[in-house]
Amino acid sequence: MNLAYKVLVGTHHKTGTGWMASLFKRICQQFQLSFFSGNQEELPEYFDIFFQPHSQFSFDKLHLKYKGLHLIRDPRDRIISGCFYHQNSQEEWLYLKQKKFGGLTYQEKINSYTSLDDQLIFEMENSGLNDIQEMLNWNYSNSSFIEVKYEELILDKDLILFREIFNFLGFPDEHLSKTLNIVRDSSLFSDIFKDTKRRNTGHIRSGKPEQWREYFKHTHRVKFLELFNDALIKLGYEENDAWVNN
């Protein structure tokens with residue numbers, strides 16, 4: 001397969017990063033395309049798909065024609081997902097001793113709280129704060145990117161949105177059917193969450209939308225608004241702040 005453009009895929013921590021990386025890697029393997037995941041400073045001269053897990057692209061240094069996919073997730077669900085994930089994950093940064101945590105690692109610190117309520121606040125004030133700020137700092141007016149919400153993809157059983165994405169990215173029509181078959185085999189649609197064995201595989205605990213409704217107490221809602229102000233409105237998840245008291 002020959003792509004019309006170089007393809008850039010940008011996500012944020014706990015916004016479907018593992019899912020998208022696996023999906024595009026499989027597509028590259030199927031069609032003999034070159035896949036790169038990492039920092040742009042290490043980007044090889046030749047590549048077809050560049051995956052960046054924090055959407056950190058230096059566009060002024062990308063002297064090429066590209067199309068991109070940018071994926072975000074409801075920041076409230078990002079907090080929930082990150083809180084559970086960081087308690088047990090094997091990611092190296094979670095094992096680094098940090099002065100601001102009194103010499104504890106991030107994982108030790110979050111696990112030092114005896115209640116989930118306090119763990120959620122900690123996640124909100126730390127890793128979640130950085131990732132949500134990343135989402136807010138993204139340039140949503142870049143017409144070379146298609147903007148997609150994780151919640152839309154997770155429910156796209158008929159692959160209508162996925163088809164739109166691959167059309168936008170310049171995938172040839174003659175390969176679209178096979179590409180969508182790969183998507184179907186790799187997707188985290190709602191019924192998969194009934195399969196406990198599959199969902200408890202490190203990155204995937206549950207991908208259901210609106211998990212925050214189950215875990216956020218009023219104190220979490222107030223704290224979220226205090227930290228992130230109108231982030232949900234800017235990102236298109238709420239029209240106002242009424243959700244705090246609903």
>> Tell me if the OH atom of Tyr5 is crowded by more than 12 foreign heavy atoms within 6.0 Å.
In response: no

>> Side chains of Glu108 and Tyr95 only: does a donor on one sit below 3.5 Å from an acceptor on the other?
In response: no

>> Does Lys149 have more than 12 heavy atoms from other residues, nucleotides or ligands lying within 6.0 Å of its NZ?
In response: yes

> Quick one: does Trp243's side chain have a donor or acceptor within less than 3.5 Å of a partner on Arg221's backbone?
Replying inline: no

> Is Phe171 linked to Ile165 within one hydrophobic cluster, defined over Ile, Leu, Val, Met, Phe, Trp and Tyr using a side-chain heavy-atom separation of less than 4.5 Å?
Replying inline: yes

> Which residue pairs pass the salt bridge (charged side-chain N to carboxylate O under 4.0 Å, His left out) test with at least one member in residues 40-61, sequence neighbours excluded?
Replying inline: none

> Is a side-chain N or O of Gln98 found less than 3.5 angstrom from the main chain of Thr105, in a donor-acceptor match?
Replying inline: no

>> Between Leu129 and Met124, is the side-chain contact (heavy atoms from CB on, under 4.5 Å) condition met? List the steps.
In response: CA-CA 6 Å; Leu129 182 68; Met124 205 180 295; over 6 Å; no

>> Per the salt bridge (charged side-chain N to carboxylate O under 4.0 Å, His left out) rule, what does the pair list look like for residues 164-173, sequence neighbours excluded?
In response: none

> For His12 and His70, which heavy atoms make the closest approach, and how far apart are they?
Replying inline: NE2-NE2, 2.8 Å

> What class does the angle between the rings of Tyr140 and Trp138 fall in, given that below 30° is parallel, 30 to 60° is tilted and above 60° is perpendicular?
Replying inline: perpendicular

> Is there a donor-acceptor pair under 3.5 Å between the side chain of Gln52 and the backbone N or O of Val9?
Replying inline: no

> Does Val222 belong to the same Ile/Leu/Val/Met/Phe/Trp/Tyr cluster as Leu227, with side-chain heavy atoms less than 4.5 Å apart forming each link?
Replying inline: yes

>> I need the full list of salt bridge (charged side-chain N to carboxylate O under 4.0 Å, His left out) pairs touching residues 117-138, with sequence neighbours left out, sorted by first then second residue.
In response: Arg78-Glu123, Arg78-Asp131, Asp117-Lys217, Glu125-Lys223

>> Has Gln107 got a side-chain atom pairing as donor or acceptor with His86's backbone, closer than 3.5 angstrom?
In response: yes

> Going by the angle between their ring planes, with limits at 30° and 60°, are His54 and His13 parallel, tilted or perpendicular?
Replying inline: tilted

> Within the side chain of Asp77, is there an N or O that forms a donor-acceptor pair under 3.5 Å with the backbone of Pro209?
Replying inline: no

> Centre of Phe168's six-membered ring, under 6.0 Å away, within 45 degrees of the axis: is that where NZ or CZ of Lys67 sits?
Replying inline: yes

>> Pairing donors with acceptors under 3.5 angstrom, does anything connect the side chains of Ser81 and Tyr85?
In response: no

